[in-house]
A.B. asks: 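Okay, here's the structure, questions in a sec.
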Amino acid sequence: MTGKNNTKTLTQLIDEQYGVKGTPKRDEFEAGFQAFKLGAMIQEARIKKGLTQEELAAKCGTTKSYISRLENNVKEVRISTLQKIVELGLGGHLNLSIKL
């Protein structure tokens with residue numbers, strides 16, 4: 001047996017599967033991941049607050065189905081709607097940043 005190590009980092013696996021950053025396939029993957037992450041963060045915060053999707057929707061003036069779509073990887077969300085969900089519905093504060 002050789003002591004060869006075939007362990008790869010997550011970045012290496014993503015590079016192999018979707019290409020390097022800046023390629024169309026990788027950019028599509030990255031955008032999808034960001035949408036997934038946003039939905040997971042909203043869902044986690046809602047559950048921590050002990051709210052149902054319906055209760056959160058009522059607090060911020062949207063529908064249960066919209067909250068469900070957001071939590072389940074909707075591709076687009078208006079910043080103003082996201083701000084209402086976070087601030088009015090969850091009692092939090094929305095922070096945005098730009099990385100170059």
A.B. asks: Rounded to the nearest 0.5 Å, what separates atom CD1 in Ile85 from atom OH in Tyr66?
C.D. replies: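 Those atoms lie 5.5 Å apart.
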A.B. asks: Do the non-hydrogen side-chain atoms of Leu82 and Leu38 ever get within less than 4.5 Å of each other?
C.D. replies: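 Side-chain contact under 4.5 Å: yes.
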A.B. asks: If the condition is side chain to side chain contact (heavy atoms under 4.5 Å, CB included), which residues does Glu28 pass it with, not counting sequence neighbours?
C.D. replies: none
A.B. asks: Would you give the length of the straight line joining atom CD of Glu55 to atom NZ of Lys49, rounded to the nearest 0.5 angstrom?
C.D. replies: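 Nearest 0.5 Å value for the CD-NZ distance: 13.0 Å.
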A.B. asks: In the single-linkage hydrophobic clustering (I, L, V, M, F, W, Y; side-chain heavy atoms under 4.5 Å), do Ile79 and Leu70 co-cluster?
C.D. replies: yes
A.B. asks: Is the CG atom of Leu13 crowded by more than 12 outside heavy atoms at less than 6.0 Å?
C.D. replies: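 Yes, the 6.0 Å shell around CG holds more than 12 heavy atoms from other groups.
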A.B. asks: Could you tell me whether the side chains of Thr63 and Ser65 share a donor-acceptor contact shorter than 3.5 Å?
C.D. replies: yes
A.B. asks: How far does CD of Glu44 sit from NZ of Lys48, to the nearest 0.5 angstrom?
C.D. replies: 4.5 Å
A.B. asks: Could you tell me which residues satisfy side-chain hydrogen bond (donor to acceptor under 3.5 Å, both in side chains) with Asp15, sequence neighbours excluded, listed by chain and number?
C.D. replies: Arg26
A.B. asks: Evaluate whether atom CD of Glu30 has more than 12 neighbouring non-hydrogen atoms of other residues, nucleotides or ligands under 6.0 angstrom away.
C.D. replies: yes
A.B. asks: Listed by chain and number, what are the ring pair (Phe, Tyr, Trp, His ring centres under 6.0 Å) partners of Tyr18, not counting sequence neighbours?
C.D. replies: Phe29
A.B. asks: With Thr7, which residues qualify under side chain to side chain contact (heavy atoms under 4.5 Å, CB included), at least two apart?
C.D. replies: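 By the side chain to side chain contact (heavy atoms under 4.5 Å, CB included) rule, Thr7 matches Asn5.
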A.B. asks: Kindly indicate whether the side chain of Leu51, heavy atoms from C-beta on, has any atom under 4.5 Å from the side chain of Lys59.
C.D. replies: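 With C-beta onward as the side chain, the pair touches.
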A.B. asks: Just verifying a value: how many Å separate Gln12 CD and Ile14 CD1, rounded to the nearest 0.5 Å?
C.D. replies: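 That separation rounds to 11.0 Å.
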A.B. asks: Let me have the donor-acceptor pairs involving side chains of residues 88-99, under 3.5 Å, with sequence neighbours excluded, atom names and distances please.
C.D. replies:
none

A.B. asks: Glu71: what forms a side chain to side chain contact (heavy atoms under 4.5 Å, CB included) with it, not counting sequence neighbours?
C.D. replies: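 With neighbours one apart ignored, the set is Ile42, Gln43, Arg46, Gln53, Ile67.
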